[in-house]
Every structure is written in structure tokens, then in C-alpha cells.
Amino acid sequence: MGKYKIVAIIGTRPEAIKMAPIISLFKKDKNIQLITISTGQHKELLKPIFKLFKIKPDIELDIMKENQSLVDIQNNVLTKTYKELSEIRPDLLLVQGDTSTVLASSLAAFYLKIPIGHVEAGLRTNDIYDPFPEEMNRLLVSGLATLHFCPTKLSKDNLGKENIKKNTFITGNTVIDSLLILSKTIKNKPSGLTKNILLTCHRRENFGKSIEEIFDTILEIAKERKDVNFIYPVHPNPNVKNLAKEKLSNVENIKLIEPLDYLDFVKAMKDSYIILTDSGGVQEEAPALGKPVLILRENTERPEAVSCGVAKIVGHNKNKIKKEIYKLLDNKEYYKSVAKGVSPYGDGKASQKIKKIVINFLDSKKQK
Ligand code: UDP
């Protein structure tokens with residue numbers, strides 16, 4: 001039995017990827033009893049990540065049902081995590097990011113007066129409806145948490161502006177820890193004549209007209225540029241999957257594929273020339289791999305890469321997307337200036353820093 005009991009909670013694919021290095025570190029420490037709870041918000045996407053990082057959730061809540069509303073998810077996670085946490089009574093709950101799992105489980109912990117450590121704290125777009133509902137989830141969790149692990153100075157400053165100044169730490173983002181662990185095991189492929197453009201697009205804010213415009217733009221570029229190969233691992237959400245099939249199937253240089261396991265996705269990022277994405281995690285990973293990233297959103301809570309000149313916001317506007325892709329494809333000097341391999345979101349040591357802070361906090365609490 002460890003000296004301290006910590007529960008780490010995971011609901012979705014990015015939470016698993018970003019929590020994995022923390023879980024691995026704590027598991028190695030005999031003083032800690034680490035209990036992993038999976039709410040299963042993205043059940044199918046979680047399994048391969050658990051396998052890859054050798055994580056076996058101690059408790060599976062299995063909350064996912066077809067076409068669940070946000071209210072259903074909140075209700076289910078709140079009720080079920082409250083029950084588990086009241087039995088386990090951990091010294092700390094660790095949550096990561098901004099999902100419904102994070103908000104509901106944090107609220108459950110708060111009702112039980114269990115302190116919360118929030119990994120990836122302080123990200124803000126300052127628009128409560130974009131991303132929806134994640135921006136509000138982040139805001140509310142910052143109000144509930146005791147320890148705030150901020151990836152960058154900017155995210156710590158964001159909390160400062162909300163008068164959250166106690167126990168805010170700059171640690172880097174743990175996604176870079178996971179990425180670097182895997183990336184070291186992958187050899188670079190020699191680049192061929194065609195250039196791969198890796199696409200991911202699945203966010204709620206893009207559903208409807210925006211995603212249609214994005215897909216129409218991809219189709220147009222694919223037709224105009226035979227030297228380009230689009231690779232698109234399609235998210236299982238039916239809002240995305242059906243439209244992607246309808247608009248982008250049967251085009252020679254657009255490859256629609258199933259979501260990739262994380263290791264294969266890291267390989268695909270390494271093999272790509274440009275990355276086009278609306279994902280948060282991918283915005284953090286691409287710069288660390290030296291890949292230019294175009295953000296398919298109107299706003300980002302991760303502006304650090306844009307400020308360093310390694311990412312650009314292109315939204316869903318056809319002209320903006322095309323202009324930027326063609327510039328990267330045709331202007332070598334410009335490409336080099338963007339693909340310079342700076343990693344504003346971390347150095348691969350975030351989990352170690354987080355662990356140290358957690359132990360200090362628990363030790364000092366015990367002494368009181
Ligand atoms: N990812 C993956 N396979 C894929 C697409 C993405 O493993 O086919 C990884 C990606 O490297 C990143 C994470 O999933 O670490 C991002 O998850 P997602 O885009 O679902 O969520 P977001 O980051 O937008 O919250």
C-alpha cells in the first residue's frame with residue numbers, strides 16, 4: 001500500500017495520451033497507490049492507447065451511449081465518479097484538459113472535498129462558446145482545482161488574470177513527453193516526389209457549413225495538385241464520417257482512413273509535409289516535430305505556436321487555406337522558416353515536474 005492514494009481520470013483519446021506519462025511515473029513510485037479510472041467517453045479510441053502505454057484502468061465506467069447529449073454525459077460521469085471517489089477517498093484527483101469527463105469528475109471530487117490537480121490548466125480563447133463546451137469546462141475546472149499545471153507562461157498568466165495565483169505552475173504539456181518517447185522509436189522515411197498533407201478535422205464548432213467548406217477546399221487542391229497526397233484519418237463521429245465519405249471518397253490523392261493508433265499517427269505526422277488540423281493536441285505536437293501546422297479554426301487557445309511563426313490560423317475559409325498551402329508547397333524559403341522545429345509547449349519533462357509538485361503538496365498537507 002502506498003503512502004498516498006491518487007486517482008487519475010481519463011475520458012477521451014487526448015486525455016489518455018496526455019495522462020499516460022504521468023500514470024507511468026506514479027506507477028513506478030512505491031509510495032503512491034495510483035488508481036486509474038476510465039469513463040470511456042471515447043471508448044474505442046482509448047483501447048489502443050492503453051495498450052501502447054501499458055495502462056490497465058482499474059475502474060471502467062463505460063458511460064458512452066449512442067447519440068448522448070452533453071447533459072447525459074455530465075449526469076453519468078458525475079453520478080458514477082462521485083460513487084467511486086466516495087469509496088476510494090483519494091488524497092488527490094488528477095484530471096487532464098477540458099472534456100465533460102474533466103468537469104463532471106472534478107465537481108464530484110469537490111463535493112467530497114478531495115483536492116484536484118488540473119493538468120493543462122489555463123488555456124483560454126476567451127469566448128465561452130468556442131470551443132464549445134470546452135472553454136467553459138476549462139474555466140469551471142480552474143475554479144474547482146487546487147493545483148494548476150500550466151503548459152506555458154501564457155497559460156499561467158491567463159489564470160493570473162482570473163485571480164488564480166496560488167499553486168499555479170509552469171510545467172510544459174505532457175503531450176510532448178508522450179510524443180518524444182514514441183518519436184525516438186520511429187525512423188524518418190526518405191521523402192518521395194509527392195508531399196503528404198495530413199488532415200484531422202472533427203471539432204463540434206466546425207460541424208455543418210464550415211466542415212463542408214473545408215472538405216470542398218481539400219477536394220479542389222487535390223484536383224489541382226497531383227504532387228500532393230492528402231491523408232485523413234476520419235474521426236468516428238457520424239457528423240464528420242458521413243460527410244467525409246460523401247465529399248472526399250474515390251479521389252486518387254485523398255486517402256480516407258480509420259483513426260490511426262497513436263504510434264501510427266506520430267509516424268504519419270513525421271512523414272507529412274504540412275499538417276492541417278482543428279485538433280488541440282496536434283497543434284502542440286506538430287511544431288515539436290518541425291511540421292508547419294495550419295489551424296482549421298477561427299480561434300485558438302494555443303496561440304504560442306502562432307506567435308513563434310510555426311503555426312497559422314486559417315479557419316475554414318477556402319482562399320485562406322489554399323493561399324497558405326500553396327505558399328508552403330511552392331516557396332522553399334518560406335517553408336523552411338515555418339518548419340523550424342521549435343516546441344513552445346514543452347521539453348518532454350512535464351510529467352516529472354508535475355510529479356514533484358504533487359508529492360510536495362501531499363507531504364506538506366500531511367504535516368499540517
Ligand atoms: N491522434 C491519434 N490518431 C489519429 C488522430 C489523432 O492518435 O488518427 C492523436 C493526436 O496525435 C493527438 C490526439 O490524438 O495527440 C488529439 O486528439 P483529438 O484530435 O481527438 O482531440 P483534441 O486534441 O482536439 O482535444
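Please read these numbers as outputs of a predicted model, since none were measured by experiment. Order of appearance sets the numbers: ligands from 1, and atoms from 1 within every ligand. Scope of the values below: all heavy atoms of this structure, side chains included, with no hydrogens, waters or symmetry mates.
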Are Tyr232 and Phe215 close enough, and set up right, to give a ring-ring contact (aromatic ring centres under 6.0 Å, His included), and what steps lead you there?
CA-CA 11 Å; Tyr232 180 15; Phe215 288 169; 5.7 Å; yes
Any side-chain donor-acceptor pair under 3.5 Å between Ser178 and Lys18?
no
Same hydrophobic cluster for Ile181 and Leu263, using side-chain heavy-atom links shorter than 4.5 Å among ILVMFWY?
no
Neighbouring protein residues of ligand 1 - any heavy atom closer than 4.0 Å:
Arg13, Pro14, Ile17, His202, Arg203, Pro233, Pro259, Leu260, Tyr262, Phe265, Met269, Ser279, Gly280, Gly281, Val282, Glu285
So Asn173 and Glu120, side-chain contact (heavy atoms from CB on, under 4.5 Å) or not? Walk me through it.
CA-CA 6 Å; Asn173 196 309; Glu120 199 180 76; 2.8 Å; yes
Give a yes or no on whether Lys27 atom NZ has more than 12 heavy-atom contacts from other residues, nucleotides or ligands under 6.0 Å away.
yes
dist Ser105:OG -> Phe110:CZ (nearest 0.5 Å) comes out at 14.0 Å
